[in-house]
Protein chains: 2
Amino acid sequence: MSSVTIKDVARLAGVSPSTVSRVISNHPKISPATKKKVREAMEALGYHPNIMAQSLVSKNTQTLGLVLPHSAEKIFVNPFFSEVLRGMLAYANIKQYDILMSSANNPKEEIEAVTRMVLGRRIDGIILMAPRQKDPIVEKLLEYQFPFVLLGRSMEHDHVLSVNNDNIKAAYDITNHLIKQGHKRIGFVSGPPDLVVSIDRLEGYKKALLEAGLPVHPDWIIGEDVLQGNAFHALTMIMNSPEPPTAFVVTDDVVAFGLIRELYAAGFHVPQDVSIVSFNNIVLSELSNPPITTVDIGIYHLGYLTVQHLIRKLSGEEIEKPQMIVPHRLIIRESSMKLQ
Amino acid sequence: MSSVTIKDVARLAGVSPSTVSRVISNHPKISPATKKKVREAMEALGYHPNIMAQSLVSKNTQTLGLVLPHSAEKIFVNPFFSEVLRGMLAYANIKQYDILMSSANNPKEEIEAVTRMVLGRRIDGIILMAPRQKDPIVEKLLEYQFPFVLLGRSMEHDHVLSVNNDNIKAAYDITNHLIKQGHKRIGFVSGPPDLVVSIDRLEGYKKALLEAGLPVHPDWIIGEDVLQGNAFHALTMIMNSPEPPTAFVVTDDVVAFGLIRELYAAGFHVPQDVSIVSFNNIVLSELSNPPITTVDIGIYHLGYLTVQHLIRKLSGEEIEKPQMIVPHRLIIRESSMKLQ
DNA sequence: GTGAAAGCGCTAACAT
DNA sequence: ATGTTAGCGCTTTCAC
């Protein structure tokens with residue numbers, strides 16, 4: 001692993017270092033002859049530009065930062081995450097960008113990680129996943145005037161770059177699907193309450209109920225910790241009440257898996273006793289037993305467009321609409337089969 | 001987002017840039033007084049060292065490279081991946097390392113991505129996931145003499161750093177579990193055939209059968225593409241033969257999900273008609289219907305130790321045993337309930 | 001204990 | 001079209 005520099009190439013090609021530099025960056029006025037000579041020398045020596053040195057002077061790094069949401073949300077984010085990352089990397093790859101990841105165990109570390117990346121000038125822009133209400137990182141980045149994109153949306157700032165689903169509409173649509181099936185008592189299983197996505201989906205659910213003249217029953221809105229069994233008690237309470245829900249809108253496929261399992265353990269079958277619909281359409285939702293009715297939010301696409309949006313901004317393109325919306329569609333499966 | 005440099009700090013603190021540098025790197029002989037002055041100046045200006053400049057001279061980047069396996073393996077790797085990444089980032093975070101990801105659509109791009117990172121001196125070491133038999137990237141890295149660690153193992157080089165399960169033993173153990181349940185006709189669903197992990201698990205399966213005096217039936221060893229339904233035909237063929245398998249060892253939980261689904265569609269129930277066991281113990285395997293018997297391979301731990309192993313190597317520690325083995329354990333669930 | 005100076009590998013005026 | 005020069009922000013001898 002030799003360390004061949006631009007000077008070595010210059011020497012071998014019999015030109016000056018700056019000429020080599022020009023060849024690298026495809027400078028227009030460079031004679032075909034020398035270009036060829038230099039290319040050959042680079043090839044012969046196995047030259048690759050030192051990216052640190054390039055960045056130091058050019059002030060850009062061809063790198064995007066991504067902070068992994070901290071563990072509190074791990075279950076919520078889990079299978080979604082690798083798919084969205086695939087989409088991100090796919091576009092980044094096209095544009096020769098890499099993605100620098102950092103993790104954090106709590107909001108404080110999260111800020112630190114971002115600060116280190118941004119002020120350490122390691123990245124050109126940053127991708128924020130799962131933004132919260134009044135998200136401190138968003139505020140910080142705004143303050144730094146550092147380019148970033150949200151996978152999700154900001155509730156406070158509508159001029160920030162973001163790629164999102166219309167989660168209110170999505171929740172509204174999927175809830176209406178249940179209503180059309182004849183359900184009148186519909187519960188909701190929420191995600192972490194400070195995530196914007198949780199708030200939006202809850203709102204869409206409520207909107208559909210209200211429009212249909214159905215009651216919004218606060219006791220039927222439960223936390224996502226059913227999966228851990230913490231809310232098992234709450235669930236049995238609800239299900240053993242005189243008039244239990246006949247359906248649930250669940251904020252995430254993984255949570256839906258858990259819920260189906262908990263219901264089963266409590267003696268309730270899906271969809272015979274209770275219907276389940278959820279969000280994301282992760283691969284496994286189709287392979288669930290029963291297969292889960294869900295909202296396909298285009299996870300891969302979401303990741304892909306997020307990076308595209310950010311890179312466009314970085315290359316100085318005029319962004320007509322900062323808020324991009326990725327369309328969703330309902331995938332109707334067995335878990336919400338029509339009531340007889 | 002001002003760009004405050006070491007000079008600015010030096011000026012404000014009334015010292016030379018080199019002194020500031022010494023404070024940053026905790027140089028021993030520096031008077032407490034100046035140290036304090038400099039620290040205050042850094043604080044006041046919001047100084048953060050430019051990591052590119054640091055790297056350029058110090059020749060290390062505090063960054064590890066990771067190449068996402070290309071899409072062919074996406075199904076195999078999917079839910080496993082985010083968990084292993086969490087483990088990697090957790091340890092990296094402790095040691096103030098970041099992880100630089102790059103993706104590739106094919107083996108050629110994979111090599112390119114690695115070359116760009118390595119020769120571009122962007123990273124100090126590299127993590128390779130899911131190594132193959134005679135893996136070209138391993139050969140390349142060996143040739144460059146560049147530090148790397150395998151999540152898995154090399155079949156050819158036993159001195160390379162690696163963190164792995166004993167997959168042969170794991171497959172042997174889980175197959176024996178089925179044999180103890182009274183199964184005599186046991187099939188196998190494989191992963192991508194050139195992955196070392198696939199080869200090892202197949203070997204362990206065969207070993208258990210042979211030792212028990214049971215037949216290894218080549219027709220019962222099928223590819224992982226059952227999930228896509230491509231091998232659906234093969235599966236029904238097998239199941240409709242006069243003496244079909246009564247159990248399957250499946251190489252991956254996700255594939256097991258798919259298999260259970262396919263079997264169900266073909267009229268076979270798990271575990272009444274056929275038992276299923278698999279590997280990885282992803283979160284959802286417990287929430288499957290039925291819950292899946294699987295080998296817990298300690299995914300998070302695997303990621304954590306992989307990075308630990310590599311960072312130790314990078315910091316010049318003497319590595320006593322280059323090949324680390326993470327213990328596995330069987331998680332017995334409903335999908336392999338005893339035959340009556 | 002601290003400063004001055006050189007240089008890491010590269011790019012970008014400014015010359016010619 | 002190409003070479004010369006001066007940095008980018010930092011670390012690290014080498015002086016004192």
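Below, chains carry the letters A, B, ... as their sequence lines are ordered, and counting in each starts from 1.
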Length of the line joining A/R22:CZ and C/dC14:P, which is rounded to integer Å:
14 Å
When every non-hydrogen atom of B/I123 is compared with those of B/F146, the smallest separation belongs to O-CZ, 3.5 Å
What nucleic acid atoms does B/T34 come within less than 4.0 Å of, heavy atoms only: base, sugar-phosphate, or nothing?
sugar-phosphate
Quick one: A/I51 CD1 to D/dC8 C1', roughly how many Å, whole number?
17 Å
Report which part of the nucleic acid A/I30 touches: base, sugar-phosphate, or nothing (heavy-atom distance under 4.0 Å, all strands).
sugar-phosphate
Going by an N to O cut-off under 4.0 Å, is there a salt bridge joining A/K36 and A/E40?
yes
Hey, does B/V15 reach any base, or is it just sugar-phosphate, or nothing, if we go heavy atoms under 4.0 Å?
sugar-phosphate
What is the distance, to the nearest angstrom, from the CD1 atom on B/I6 to the P atom on D/dT12?
11 Å
Salt-bridge contact A/K59-A/D124 (side-chain N to carboxylate O under 4.0 Å):
no
Find the distance B/M52:CE to C/dG9:C1' and express it as a whole number of Å.
14 Å
Of C/dA13, C/dT11, D/dG9, the nucleotide closest to the side chain of A/K59 is D/dG9
In whole angstrom, what separates A/R11's CZ from D/dT2's P?
19 Å
Just to be sure I understand the rule, does B/T5 reach a base, reach only the sugar-phosphate, or reach nothing, if contact means heavy atoms closer than 4.0 Å?
sugar-phosphate
Using the side-chain heavy atoms of B/S3, tell me which of these nucleotides is nearest: C/dG9, D/dG9, C/dT2.
D/dG9
Less than 4.0 angstrom between a side-chain N/O of B/T19 and OP1 or OP2 of C/dG3, yes or no?
yes
Rounded to the Å, how far apart are B/L56 CG and D/dT11 P?
11 Å
Atom-pair distance (CZ on B/R121; P on D/dC10), nearest Å:
21 Å
Using a heavy-atom cut-off of 4.0 Å across all strands, would you classify B/S31 as base, sugar-phosphate, or nothing?
sugar-phosphate
Among D/dA1, C/dC10, D/dG3, the one nearest any side-chain atom of A/K29 is D/dA1
For atom CG of B/N60 and atom C1' of D/dT11, their distance in whole Å
12 Å
With heavy atoms under 4.0 Å as the rule, sort A/S18 into base, sugar-phosphate or nothing.
base
Where does the angle between the aromatic ring planes of B/H157 and B/H159 fall among parallel (under 30°), tilted (30 to 60°) and perpendicular (over 60°)?
perpendicular
Among the candidates D/dT4, C/dT11, D/dC8, find the nucleotide nearest to the side-chain atoms of A/Q54.
C/dT11
Which of these nucleotides, D/dT4, D/dT12, D/dG7, is closest to any side-chain atom of A/V57?
D/dG7
Would you check if B/L151 and B/V84 make a side-chain contact, meaning some heavy-atom pair closer than 4.5 Å?
yes
B/R116 and A/D98 ion-paired at < 4.0 Å:
yes
Residue closer to the 5' end of DNA chain D, A/H27 versus B/N50 (nearest nucleotide):
A/H27
